[in-house]
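Each remark here refers to the structure printed beneath this line.
The chains referred to below are lettered A, B, ... by the order of the sequence lines, with proteins before strands, and numbering in each begins at 1. Heavy-atom basis, side chains included; hydrogens, waters and symmetry copies ignored. Predicted model only: the values in this text are computed from it and were never measured.
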There are 2 protein chains.
Amino acid sequence: MLQEESQKRDIQNCPLTYAMNVIGGKWRLPIIWALWKNDTLRYNELKRRIDGITNMMLSQVLKEMEITGLIVRKQYLEIPPRVEYSLTQEGKDLVPSLEALARWGKHMQNR
Amino acid sequence: MLQEESQKRDIQNCPLTYAMNVIGGKWRLPIIWALWKNDTLRYNELKRRIDGITNMMLSQVLKEMEITGLIVRKQYLEIPPRVEYSLTQEGKDLVPSLEALARWGKHMQNR
DNA sequence: TCCTTTACTCAGTTTTACCTGACTTAGTAG
DNA sequence: CTACTAAGTCAGGTAAAACTGAGTAAAGGA
């Protein structure tokens, strides 16, 4: 009983559930992946690399990822505008875990 | 150009996207977690441990996880029925990656 | 003068995920 | 003869995630 209660609390603000929420969704991993491979990308460069994403989704997801601290947005006050995105240190720290997950996924795919 | 094409293909059947799909959704991690902590659980034991899940979702998600090879379902032909669920070896193999992700999540939560 | 570029924003709609509450089957206990 | 247990199933409904297609500003080029 006491143990079950603590399990329920775990699920509430479980760090794993938290992690899954910040990297979940259709577009976040592709963005992380593109920024990992290219270090810094402008808005339209990201858009060209991520097949099928709309302006709406890209700008929304970038904003959310900036708030959660995965990416940094650097704006240059030029005309035409220039905005560069890159991973924060925390965003980069995430990559080894993702690679481990990817290895597992690959193993599952050709089982 | 050639490189961008290969990036797009990566995203299509990317092992990481695959992994995220099989462990994503609201209930899969709680189920994996409960079976990791308890080794083997019956349907109603799982249901009691996973706060708020409905029969509909539990049976649906268990069926999907059995198909993807995360869990095994063992049925005993008794009355009243008895069905036991546990992680497959692949399901257990996943846990270290999840723990790494969880450590990252914890770090992010109290930053 | 009109078109192009960059980095977005927005109203409205579709698609997907998830939930609600009732029902089933077969045997045992009261 | 009614209630209870286990392990589900099912039709229908809501909520959340994603998409559609258009529009914005400000400067430079043809």
Side-chain angles (χ1 to χ4, degrees), chain A residues 8 11-12 14 17-35 38 40-68 70-86, chain B residues 4 8 11-12 14 17-32 34-35 38 40-68 70-86:
Chain A
K8 284 180 190 176
I11 290 162
Q12 290 313 308
C14 168
T17 300
Y18 173 83
M20 288 296 289
N21 286 341
V22 309
I23 65 173
K26 188 169 178 182
W27 302 111
R28 283 175 235 214
L29 283 179
I31 290 171
I32 292 169
W33 188 239
L35 291 176
N38 296 277
T40 292
L41 289 172
R42 299 176 65 171
Y43 182 89
N44 278 334
E45 289 175 327
L46 267 172
K47 193 170 181 235
R48 275 190 290 273
R49 274 176 175 78
I50 298 170
D51 194 30
I53 198 167
T54 60
N55 281 326
M56 168 85 126
M57 289 315 293
L58 182 55
S59 67
Q60 186 186 113
V61 171
L62 286 172
K63 213 175 283 173
E64 291 164 359
M65 291 173 74
E66 199 196 349
I67 290 169
T68 54
L70 284 172
I71 62 174
V72 241
R73 177 181 186 275
K74 195 169 179 188
Q75 183 173 203
Y76 298 84
L77 294 174
E78 301 172 0
I79 296 290
R82 181 153 67 105
V83 180
E84 291 181 348
Y85 293 93
S86 46
Chain B
E4 281 188 40
K8 284 179 189 173
I11 290 162
Q12 291 314 309
C14 168
T17 301
Y18 173 83
M20 288 297 290
N21 287 342
V22 309
I23 65 174
K26 189 170 179 182
W27 303 112
R28 284 176 237 220
L29 283 179
I31 291 172
I32 291 168
L35 290 177
N38 296 278
T40 292
L41 289 173
R42 299 176 64 172
Y43 182 89
N44 278 334
E45 289 174 326
L46 266 172
K47 193 172 181 231
R48 276 190 290 274
R49 275 176 174 77
I50 297 170
D51 195 28
I53 198 166
T54 60
N55 280 327
M56 168 84 129
M57 289 315 295
L58 182 55
S59 66
Q60 185 185 114
V61 171
L62 286 173
K63 212 174 287 174
E64 292 164 358
M65 290 173 74
E66 199 196 351
I67 289 168
T68 54
L70 284 171
I71 62 174
V72 240
R73 176 179 186 276
K74 196 170 179 188
Q75 184 172 205
Y76 298 84
L77 294 176
E78 302 172 357
I79 297 290
R82 180 155 67 105
V83 179
E84 291 181 346
Y85 293 93
S86 46

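- Between A/Lys47 and C/dT6, a side-chain N or O to OP1/OP2 separation shorter than 4.0 Å is absent.
- The distance from the CD1 atom of B/Ile67 to the CZ atom of B/Arg73 is 11.5 Å, given to the nearest 0.5 Å.
- Summarising the geometry, atom CD1 belonging to A/Ile50 is positioned 10.5 Å from atom CG belonging to A/Leu29; distances are rounded to the nearest 0.5 Å.
- Considering OH of B/Tyr18 and OG1 of B/Thr68, their distance stands at 6.0 Å, rounded to 0.5 Å.
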Run the side-chain contact (heavy atoms from CB on, under 4.5 Å) check on A/Met20 and B/Met20 step by step: do they pass?
CA-CA 9 Å; A/Met20 288 296 289; B/Met20 288 297 290; 3.8 Å; yes
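- One can place CG of A/Leu77 at 12 Å from P of C/dC8, the figure rounded to the nearest angstrom.
- Judged purely by atom type and a 3.5 angstrom limit, A/Tyr43 uses its side chain to pair as donor or acceptor with the backbone of A/Asn55.
- Phosphate contact (OP1/OP2 of C/dT9, side-chain N/O of A/Lys63, threshold under 4.0 Å): present.
- Spacing between atom CD of A/Glu78 and atom P of C/dA7 amounts to 10 Å, rounded to whole angstrom units.
- Residues B/Met57 and B/Ile53 come closest through the heavy atom pair CB-CG1, 3.9 Å.
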Nucleotide N/O to protein N/O under 3.5 Å, stretch nucleotides 14-16 of chain C:
none

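- With rounding to whole Å, A/Met20 atom CE is found 15 Å from C/dA17 atom C1'.
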Start with the C-alpha distance between A/Ile71 and A/Ile32, add both sets of side-chain angles, then the distance that settles side-chain contact (heavy atoms from CB on, under 4.5 Å), and finish with yes or no.
CA-CA 8 Å; A/Ile71 62 174; A/Ile32 292 169; 5.8 Å; no
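- A side-chain N or O of A/Tyr76 and one of A/Glu84 form a donor-acceptor pair less than 3.5 Å apart.
- The distance from the OG1 atom of A/Thr54 to the CD atom of A/Gln60 is 8.5 Å, given to the nearest 0.5 Å.
- Counting any heavy atom pair closer than 4.0 Å across all strands shown, A/Tyr85 reaches sugar-phosphate atoms only and no base atom.
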Begin from the C-alpha positions of B/Asn38 and B/Glu45 and carry the test side-chain contact (heavy atoms from CB on, under 4.5 Å) through to its verdict.
CA-CA 10 Å; B/Asn38 296 278; B/Glu45 289 174 326; over 6 Å; no
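- Taking atom OH on B/Tyr76 and atom P on D/dG8, their separation rounds to 13 Å, with Å as the unit.
- Atom pair A/Ile79:CD1 and D/dA27:C1' shows a separation of 7 Å (rounding to whole Å applied).
- As a whole-Å value, the separation of B/Ile50 CD1 from D/dA7 C1' is 15 Å.
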Name the pairs: protein N/O against N/O of nucleotides 15-22 of chain D, kept only if under 3.5 Å.
residue : atom : partner : partner atom : Å
D/dA18  : OP1  : A/Lys26 : N            : 2.9
D/dC19  : OP1  : A/Lys26 : NZ           : 2.5
D/dC19  : OP2  : A/Trp27 : NE1          : 2.8

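- Here D/dT9 presents its C1' atom at 14 Å from CG of B/Leu62, a figure rounded to the nearest Å.
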Polar atom pairs (N or O), protein with nucleotides 2-6 of chain D, under 3.5 Å:
residue : atom : partner : partner atom : Å
D/dA6   : O3'  : B/Arg42 : NH2          : 3.2
D/dA6   : O3'  : B/Pro81 : O            : 2.9

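- Atom-to-atom, CD1 of B/Ile71 to P of D/dA7 comes out at 14 Å; the value is rounded to the nearest Å.
- The CG atom of B/Leu62 lies 10.5 Å from the CZ atom of B/Arg28; values are rounded to the nearest 0.5 Å.
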